[in-house]
Amino acid sequence: MRVTHRTLLLVAVVLAVVVAGPLAGEAGAQSVTKVHVIAVEGPIDRPLRAYVEDRLTDAERAGAIVVLQLDTPGALGQDGVLLAERVAHLEVPVLAWVGPVPAKASGAGLLLMLASSLAAVSPGSQTGPLLPLDVLRPDSESAGLMDTIDRWLAARGRTVDLSAIERPLPAQDARDAGIARVAAYTVPELLRAVDGITVRTPAGEVQLQTRVATTQAEANERIVAILFEEPGLITRVLHAVATPSMVYFLLVLGLAAIAFELTQPGFGFAGFSGIALVALAVYGLSVAIPSWPGLALLLLGIGLLMFDVRLRSLSWPTWIGLAAFGAGSVLAWHRVDPSIRINPWLIGGAVVASLLYYGFALTVALQSRDRIAGAQRGLIGLVGEARGRLAPDGAVFVKGALWRGRTNGAPIEVGTPIRVRSVEGLILHVEAEPGQSEQPGA
């Protein structure tokens, strides 16, 4: 739904420009209003904060009006007050809009609304509460926060009932409290609603001229150029992996892939994939910082499960490992705000999956491989017959079955007696047995 919504907005803007384009040469005196729409979606972590600050700087240099499209539970390990201060000191108008439905702005997201020139909400959205500012450290406090908010509001000439920011508010209640001034379902609707309103900025008062042209007469007078900003691919990836649930998922899946590779002869795709997943998880751990004792308990649990796999058994290390893994999964991020806490169903599913994977799948696979390896070692020294020409590979008949044979010397002709010297996987390394009188398959 979110992608479809933005596509419709883009089509609306393109149509507005198409209507205005042919008239530009005739009028020659249209005023152009630049609007930069910056999406702030998800917890405000390190990559998202850097992206927002860069886009704010670009908009200020371009003299563009900023629309902060908010859908965030707050900061994640970042100073939300400093980001809001950056908004408060921006010399161009900043419109903070909570939308589209079912967006919400709480914690540091609400701070951005309070620091903006004008705030708006989408009907059906949620605003607040203010605390916690940081969903990673919900118990942290910001000294002098209310004084800072009062300063922002006074500079913007806004009046807000600050007692209302202590609880979550529906859209209409946010407007009644003065947190939001207008309601709008979309960005073009927001721009039409605020057209003609005068707002304060550090550079002085600015009358907003933001109505998107819908008629030829309006297009002759003004063009509103809307730029929808989107984070780059790297920023989106880093932002996506920097939540406790995603870090947990990547860590568990990556270690499982590495554990599988350790049970195989050699190192292949699963191992490299596991290393990549764990690398992303390590980055996520540097952002969504866990309780280190809880993380250590989680890793200890996986280590015990892997230890029991190496023993080819399903005994006490597995059961103790499962208990440690489950407890560590709960404790690793138990202090974060409930909005980003790992879902108990995800933890329960991971525990059950780990029992089936480590306790049965890998153990059975190793036992089967040991049986095959033992049977293959029993072939060494046996005599058989070449059923195809070996140059160097060909079919050989040994112990009642056809195998792939390989000679390291001269080619071996069909019907020549051969002796198995070594086994490599499913390949028998053989050599000719001149004058051998034993029957093939003996």
Side-chain angles (χ1 to χ4, degrees), residues 5-6 8-10 12-13 15-17 20 30-40 52 55-56 59-60 62-71 84 87-101 103 105 109-125 127 152-153 155-160 169-215 217-219 221-229:
H5 173 79
R6 288 183 179 170
L8 292 175
L9 293 181
L10 183 59
V13 173
L15 289 176
V17 173
Q30 298 112 321
S31 62
V32 179
T33 300
K34 298 178 182 178
V35 178
H36 289 195
V37 182
I38 303 173
V40 184
V52 172
R55 299 289 79 76
L56 289 176
E60 188 173 36
I65 296 172
V66 174
V67 175
L68 293 176
Q69 181 176 316
L70 303 177
D71 184 8
V87 170
H89 288 88
L90 214 64
E91 295 189 349
V92 295
V94 180
L95 314 180
W97 174 60
V98 186
V101 177
L110 179 54
L111 279 185
L112 295 177
M113 296 181 70
L114 297 173
S116 64
S117 307
L118 182 148
V121 290
S122 176
S125 64
T127 301
W152 293 339
L153 296 175
R156 300 295 196 182
R158 298 173 56 189
T159 301
V160 175
L169 301 173
Q172 186 56 51
D173 289 354
R175 295 184 65 188
D176 294 341
I179 298 173
R181 184 166 178 176
V182 300
Y185 285 101
T186 64
V187 171
E189 184 177 336
L190 168 65
L191 297 179
R192 287 194 297 270
V194 301
D195 183 57
I197 294 178
T198 299
V199 296
R200 293 185 186 178
T201 73
E205 293 187 347
V206 176
Q207 185 180 38
L208 300 176
Q209 303 291 328
T210 56
R211 183 178 180 85
V212 177
T214 57
T215 66
E218 291 177 343
E221 296 177 359
R222 183 191 315 141
I223 294 178
V224 177
I226 306 176
L227 174 63
F228 290 89
E229 301 274 11

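In terms of heavy-atom proximity, A174 sits nearest to T127 at CB-OG1, 3.9 Å. What you find for P123 and A184 is that their closest heavy atoms are CD-O, 3.8 Å. The two residues W97 and Y185 have their closest heavy-atom pair at CZ2-O, 3.2 Å.
Here the straight-line distance linking atom OG1 of T198 with atom CG of L118 works out to 11.0 Å at 0.5 Å rounding. A distance of 11.5 Å separates CG of D173 from CZ of R175, quoted to the nearest 0.5 Å. A distance of 12.0 Å separates CD1 in I223 from NZ in K34, rounded to the nearest 0.5 Å. To the nearest 0.5 Å, the span separating OG1 on T159 from CD1 on I179 amounts to 12.5 Å.
Side-chain contact between Q69 and D71: absent, with no pair of heavy atoms (C-beta onward) separated by less than 4.5 Å. Contact annotation: the side chain of W152 never approaches that of V87 to less than 4.5 Å [non-hydrogen atoms, C-beta and beyond]. Looking at heavy atoms from C-beta onward, P202 lies in side-chain contact with R156 at the 4.5 angstrom threshold. Residues L56 and L68 form a side-chain contact, since some pair of their non-hydrogen atoms from C-beta on lies under 4.5 Å apart. No side-chain heavy atom of I65 sits less than 4.5 Å from a side-chain heavy atom of H36. With contacts defined as side-chain heavy-atom distances shorter than 4.5 Å, the pair T201/L90 does not qualify. By the 4.5 Å heavy-atom criterion applied to side chains, V199 and V194 are not counted as neighbours.
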When you look at R158 and S116, which way does the side chain to side chain contact (heavy atoms under 4.5 Å, CB included) test go after all the steps?
CA-CA 10 Å; R158 298 173 56 189; S116 64; 3.6 Å; yes

V35 and V187: side chain to side chain contact (heavy atoms under 4.5 Å, CB included), yes or no, with the steps?
CA-CA 10 Å; V35 178; V187 171; 5.5 Å; no

Side chain to side chain contact (heavy atoms under 4.5 Å, CB included) evaluation trace for D176 with L169
CA-CA 10 Å; D176 294 341; L169 301 173; over 6 Å; no

Using the rule given for side-chain hydrogen bond (donor to acceptor under 3.5 Å, both in side chains), can you reason through E205 versus Q207, listing the C-alpha separation, both sets of side-chain angles and the distance that settles it, and then say yes or no?
CA-CA 7 Å; E205 293 187 347; Q207 185 180 38; over 6 Å; no

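Between the side chain of E60 and the main chain of E91, a donor-acceptor pair closer than 3.5 Å is present. Side-chain atoms of T186 come within 3.5 Å of backbone atoms of E189 as a donor-acceptor pair (strictly under, hydrogens ignored).
Counting heavy-atom neighbours within 6.0 Å of R181 CZ, excluding the residue itself, gives a total of 12 or less.
Each of L191, I226, I197 was scored for a side chain to side chain contact (heavy atoms under 4.5 Å, CB included) with T210, with one residue passing: L191.
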